[in-house]
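Below: one structure, written as structure tokens.
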Amino acid sequence: FSEMPTDNFVESSFWNFDALFQPQQHPARDQHDTFFLQDPAEAPELPAGYTAKVKKVHAQGGYGSQGYKYEWRLEEARKNLLRTHTTSASARLLYRLAWQEKFAPGKYFSIDRVFRNESLDATHLAEFHQVEGVVADRGLTLGHLMGILRQFFSKLGRAGWARAGAPGGSPGLPSPPSLPTGITQLRFKPAYNPYTEPSMEVFSYHEGEGGSWGIP
């Protein structure tokens, strides 16, 4: 995997929402969920040809979608914000890949900060990190995605504790009793997502306190 560029914390609503086919009246685009900027309030420019295609799919449909059947507004798409997910970086990456003269398969990842206008509590912050991945190739299936996710979760937790226990690592850290080999018990549940089809949620089993299933 190659790391995709994710250093633009300030993003336009177009790349954060519209290019991912999230409708402009979606509640996630309200100020109580998203930090909008006052200065600069708007993105100076958007790719004209691609913007027209995104507008058409929102308003009329296309590429197998019936669209949302509403009046899409450019001024809404130009609003600047603190990105709510790193998927905006994936949207930019896929746009660049589409302009290649000859398609070349690729695998990309990012780990970076995102921002949400959340009420702060024990499980919510206004800033957190998100892990993102894109695999671009022909002939891929949902089974390939499930295989990557199983591999990812099987290594989650294990590598960090191995480094901590290695010579020169952080002393005094106990061995984790519940993650000796990562997270291996997974369930996949179909879910709706406006910019991926098909979509899934992933649940893992935690053995503590009698055992329970939850989103990792």
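What's counted below: heavy atoms across the whole structure, side chains too, no hydrogens, waters or symmetry copies.
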ILVMFWY network linking I148 to V131, side-chain heavy atoms under 4.5 angstrom: yes
Heavy-atom neighbours of Y192 OH exceed 12 at 6.0 Å: yes
Side chains of F128 and F115 in contact at under 4.5 Å (non-hydrogen atoms): no
Any donor-acceptor pair under 3.5 Å from N117 side chain to Q31 backbone: yes
Reported OG-to-NE2 distance for the pair S110 and H129, which is rounded to 0.5 angstrom: 10.5 Å
Test side chain to side chain donor-acceptor pair (under 3.5 Å) applied to S90 and E132, step by step: CA-CA 8 Å; S90 296; E132 185 96 9; 3.0 Å; yes
Aromatic ring proximity F17/H26, centre distance under 6.0 Å: no
Side chain to side chain donor-acceptor pair (under 3.5 Å) between N16 and T84, intermediate numbers included: CA-CA 7 Å; N16 196 84; T84 63; 2.9 Å; yes
Derivation and outcome, side chain to side chain contact (heavy atoms under 4.5 Å, CB included), residues V202 and F153: CA-CA 10 Å; V202 184; F153 284 111; 3.9 Å; yes
Criterion side chain to side chain contact (heavy atoms under 4.5 Å, CB included) on H85 and R116, from CA distance to verdict: CA-CA 9 Å; H85 48 200; R116 305 274 178 90; 4.2 Å; yes
Spacing of Q22 atom CD and H58 atom NE2 [to the nearest 0.5 Å]: 9.0 Å
Check: N80 side chain, P40 main-chain N or O, donor-acceptor pair, under 3.5 Å: yes
L145 and M200, any side-chain heavy atoms less than 4.5 Å apart: yes
D18/R29 ion pair, N-O < 4.0 Å: yes
Minimum side-chain heavy-atom gap Q130-T87 below 4.5 Å: yes
Flag if over 12 foreign heavy atoms under 6.0 Å of NZ, K189: no
Minimum-distance pair of heavy atoms, taken over all atoms of W15 and A91: CZ3-O, 3.7 Å
Any donor-acceptor N/O pair, T34 side chain to F36 backbone, under 3.5 Å: no
Exceeds 12 heavy-atom contacts within 6.0 angstrom, atom CD of Q100: yes
Test item: F109 and S2 side chains (from C-beta on) under 4.5 Å apart, heavy atoms: no
Sub-6.0 Å ring centroid separation between Y108 and F1: no
Whether F14 and W72 hold their rings parallel, tilted or perpendicular, with breakpoints at 30° and 60°: perpendicular
Q25 atom CD: more than 12 heavy-atom contacts under 6.0 Å: yes
Steps toward side chain to side chain contact (heavy atoms under 4.5 Å, CB included) verdict (F35, L81): CA-CA 6 Å; F35 292 111; L81 48 80; 6.0 Å; no
Residue pair F203 / L186, side-chain heavy-atom distance below 4.5 Å: no
Joint hydrophobic cluster, L74 plus V54, side-chain heavy atoms closer than 4.5 Å: yes
Flag side-chain contact, heavy atom, 4.5 Å: T51 against L46: yes
Common cluster, Y95/L97, ILVMFWY with side-chain heavy-atom separation under 4.5 Å: no
Linked, directly or transitively: L120 and V114 (ILVMFWY side chains, under 4.5 Å): no
Shared hydrophobic cluster, V135 / L93 (ILVMFWY, side-chain heavy atoms < 4.5 Å): no
Sub-4.5 Å side-chain heavy-atom contact between E127 and F9: no
Distance-minimising heavy-atom pair for P5 and R96: CG-NH2, 3.6 Å
Full working for side chain to side chain contact (heavy atoms under 4.5 Å, CB included) between K155 and I183: CA-CA 7 Å; K155 296 180 179 295; I183 301 174; over 6 Å; no
Minimum heavy-atom distance between S12 and A77, given as atom pair plus value: CB-O, 4.0 Å
Donor-acceptor contact present, side-chain D121 to main-chain H124, <3.5 Å: yes
Validation row: V57, F21 side chains within 4.5 angstrom (heavy atoms): yes
Gap between atom CG of N8 and atom CG of L82 - 0.5 Å precision: 11.0 Å
N193 vs S199, side chain to side chain donor-acceptor pair (under 3.5 Å): CA-CA, chis, key distance, verdict: CA-CA 6 Å; N193 193 308; S199 301; 4.8 Å; no
Neighbour count above 12 (heavy atom, 6.0 Å) for E71 CD: no
Shortest non-hydrogen contact between P105 and F103, atoms and distance: N-CE2, 3.9 Å
Y70 and Y68 aromatic ring geometry - parallel, tilted or perpendicular at 30°/60° bounds: tilted
Residue pair T6 / A89: nearest heavy atoms and the distance that separates them: CG2-CB, 3.9 Å
Residue that, paired with E11, satisfies side chain to side chain donor-acceptor pair (under 3.5 Å) out of R83, R92, K79: R92
